[in-house]
Amino acid sequence: MSMDTIADIITSIQNADMAKKETVKIASNKMMENIIKILLQENFIENVRKHREGNKHFLVLTLRHRRWNRKGPYRTSLNIKRISRPGLRIYSNYQKIPRILDGMGIVILSTSRGIMTDREARLEKIGGEILCCIW
């Protein structure tokens, strides 16, 4: 694992999704729990449960897969892109938060009031660091 835990989690989720895995286990901390809670609210994942091994805490995510029909190709339902990273932080005010697919996707921001989606940040008129975008 590198110093960028958010990028590691995003990569783990994308790899599990492409490999058609049902579940993925990720390390748990407060920021990851908030990001995963947003993914669950926006129906990008099906279920989350907490798991403990010894003194380490994990989140076990049940991924949502979609298939148009049995013979059709497999479609990944989760596309995540990391925007701000440790070497280059990207900040935005509420007026300049990007719209992903004209509002079909979401942007996750870290604001002074916690981690929230772009819609919530625009309603509360606060900006912050753009963590990632999901579509």
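Bear in mind that the values here come from a model prediction, so they are computed numbers and not experimental data.
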Let me confirm one number: the [atom1]-[atom2] distance from [X] to [Y], rounded to the nearest 0.5 Å.
| X | Y | atom1 | atom2 | answer |
| --- | --- | --- | --- | --- |
| E33 | I26 | CD | CD1 | 9.0 Å |
| W135 | I106 | CH2 | CD1 | 11.5 Å |
| L109 | I90 | CG | CD1 | 12.0 Å |
| L131 | I115 | CG | CD1 | 5.5 Å |
| I45 | K37 | CD1 | NZ | 12.5 Å |
| K81 | I134 | NZ | CD1 | 13.5 Å |

Return the minimal non-hydrogen interatomic distance between [X] and [Y], and the atom names on each side.
| X | Y | result |
| --- | --- | --- |
| R119 | G103 | NH2-O, 4.1 Å |
| C132 | I10 | CB-CD1, 3.9 Å |
| P98 | V107 | O-CG2, 3.5 Å |
| L63 | D17 | CD1-N, 3.7 Å |
| L101 | G105 | CB-N, 4.3 Å |

Q) Checking Q14 side chain against I80 main chain: does a donor-acceptor pair fall under 3.5 Å? A)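 Confirmed, Q14 side chain pairs with I80 backbone.
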
Q.
Using only atom types and a distance under 3.5 Å, with no angle test, would you say the side chain of R82 pairs donor to acceptor with the backbone of I6?
A.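 Looks like no, no N/O pair under 3.5 Å.
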
Do [X] and [Y] share a hydrophobic cluster, counting only Ile, Leu, Val, Met, Phe, Trp and Tyr and linking them when any side-chain heavy atoms are less than 4.5 Å apart?
| X | Y | value |
| --- | --- | --- |
| F58 | I13 | no |
| L59 | I108 | yes |
| L88 | I83 | yes |

**Q.** Over 12 non-hydrogen atoms of neighbours within 6.0 angstrom of CD in E53
**A.**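 Enclosed.
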
Q: Among residues two or more places apart or on two chains, list those pairs meeting side chain to side chain donor-acceptor pair (under 3.5 Å) that have a residue in residues 92-117.
A: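 For residues 92-117, and leaving out neighbouring residues, the side chain to side chain donor-acceptor pair (under 3.5 Å) pairs sorted by first residue read R113-E124.
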
Q. Listed by chain and number, what are the salt bridge (Lys or Arg N to Asp or Glu O under 4.0 Å) partners of E46, not counting sequence neighbours?
A.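 Not a single residue meets the salt bridge (Lys or Arg N to Asp or Glu O under 4.0 Å) criterion with E46.
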
(Q) Side chains of I126 and M116, heavy atoms from C-beta outward: is any pair under 4.5 Å? (A)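 In contact.
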
(Q) Between I36 and L39, is there a side-chain heavy-atom distance shorter than 4.5 Å? (A)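 Side chain of L39 against side chain of I36, heavy atoms only: contact under 4.5 Å found.
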
